[in-house]
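This report concerns only the one structure given below.
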Amino acid sequence: MKVRIEGGQLLDSRCGELFRADIAYDDERGHIVAVGDCHDMADKVVKLNGELVLPGFVDMHVHLRDPGFTDKETLATGLQAAAAGGFTHVACMPNTKPPVDRAALVEDIIARGRAIGKADVHPIACITVGQAGDELTDVEALKQAGAIALSDDGKGVQHGARMLEAMVRAKAAGLPVVIHSEDETLSLDGVIHPDAAKRIGVKGLLPESEAAMIARDILLAERTGVHLHVCHVSTEQSVALIRWAKARGVNITAEVTPHHLLLTESIITHDDAVFKVNPPLQGERDRHACLEGFLDGTLDIIATDHAPHTAEEKARGIAHAPFGMVGIETVFPLLYTYLVAPGVVPLSRLVDAMTRRPSELFGLPGGSIRPGSPADLTIVRIDEERRIDPEQFYSKGRNTPFTNWHAAGWTVRTILRGKDIFVQGEERLS
């Protein structure tokens, strides 16, 4: 059956302007049939009233906590939350229990994700067995099972020679290496930015620990030619290093999170672990550098680092609670409201960083709206403002620093290969 979406606005990526156009797609074959004049191409019509119709969003960094930590999130609730946030494709990190270091675990996540029928899940597998930083995983077997990249996210591989060998193997297999950049000889047991730590009376986490690891891995990536992707960049030094590496021709890309673009350590005025994240919220100079790096393309994509935890865990206080924030349901409204609407970031740059660019970098389908491309679409009501209420999240996680912020630009419908995977108001999964 052919479906026509009419009355929506599309984004012209060449000039950044919005324009009215219809879209027709085949909901059985799952691809777009036509854009523009589609009046004779529909068995069913979806009528809009000026909503934005965008390519389905892509998040290359989420923690779905399944297997092993299903009190925090399940594959089902995480993928439903992704669909509610407008995401059609997400890449899940391997720091589960057990860690995703074997082909069978990769295959299991993919199979269960397909059965759930929400956003498509693309596992990122471990660099080292058990994320222990020692024995390397079977890279080729992980790739054959469906892993799209390698990472020990949550931990940095501390041993330089081990990382060099991992990059050699990843390059041979054609897989990117995705790094959590933290030199643990510098970060030790720090928990938040040193300035905030002094206010709260806990131990500071040196920002230099991030850039130190990035510098090492840039040099190793230059030697091996592997695609190096840097997670959640947060400091001025890190942005400068990545910009330098790109100028040298190193095959490096990077992501930045909404919280590192919108928040700084100054927001931490009392002991509340909702603000505890790794890397920590940094200073204003760092936030500005990340914003500039995003605008000039040094930081290629937006990724949420969606990291749900239980309320009991986060109630332990900054010194003892786990790192992490949720964000997959609020990323577009927050960045649209606080960066695009004020004219700081062009809408075209934000959309590109959440659609085409991550799809292109990691070889995923979608990312554009044109005939023949997958019918992966996100429909956004740009003028609908809501108060962020964690109790309304589809995710099990409630640990957001943006509670009670007001934002506009909410997803009202998400379509994956021509099938609705989210419609505003649908019931939550248990």
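Scope of the values below: all heavy atoms of this structure, side chains included, with no hydrogens, waters or symmetry mates.
- Using a 4.0 Å cut-off between charged nitrogen and carboxylate oxygen, Arg417 and Asp376 do not count as a salt-bridge pair.
- Of the N and O atoms on the side chains of Asn251 and His227, not one donor lies less than 3.5 Å from an acceptor on the other residue.
- At a cut-off of 3.5 Å, with distance as the only test, a side-chain donor of Glu210 or Ser234 sits close to an acceptor on the other residue.
- Ion pairing between a basic and an acidic side chain is recognised when a charged N comes within 4.0 Å of a carboxylate O; Glu73 and Lys396 show no such pairing.
- Residues Lys155 and Glu184 are not paired through a salt bridge, judged by the lack of any N-O separation under 4.0 Å between the basic side chain and the carboxylate.
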Are Glu51 and Arg413 close enough, and set up right, to give a salt bridge (charged side-chain N to carboxylate O under 4.0 Å, His left out), and what steps lead you there? CA-CA 10 Å; Glu51 287 88 347; Arg413 190 170 191 161; over 6 Å; no
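- Thr378 pairs in a side-chain contact (heavy atoms from CB on, under 4.5 Å) with only one of the listed residues (Val53, Thr414, Val412), which is Thr414.
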Working for salt bridge (charged side-chain N to carboxylate O under 4.0 Å, His left out), residues Asp66 and Arg112: CA-CA 10 Å; Asp66 189 348; Arg112 288 193 292 128; 3.1 Å; yes
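- Between the CG atom in Asp134 and the OG1 atom in Thr128 there is a gap of 8.0 Å [rounded to 0.5 Å].
- Checked for salt-bridge contact, Glu292 and Arg287 miss the test: no charged N lies under 4.0 Å from a carboxylate O.
- Under 4.0 Å is where a charged nitrogen must lie from a carboxylate oxygen, and between Asp296 and Arg243 at least one such pair does.
- Across every non-hydrogen atom of Ile200 and Thr269, the tightest pair is CD1-C, 3.8 Å.
- Test Arg398, Lys314, Lys72 against His309 for side-chain hydrogen bond (donor to acceptor under 3.5 Å, both in side chains) and you get one pass: Lys72.
- For His259 and Asp305, the side-chain atoms include no donor-acceptor pair closer than 3.5 Å.
- Arg357 has a carboxylate O that lies under 4.0 Å from a charged side-chain N of Asp300, or vice versa, which qualifies the two as a salt bridge.
- Between Leu241 atom CG and Ile218 atom CD1 the span is 5.0 Å, to the nearest 0.5 Å.
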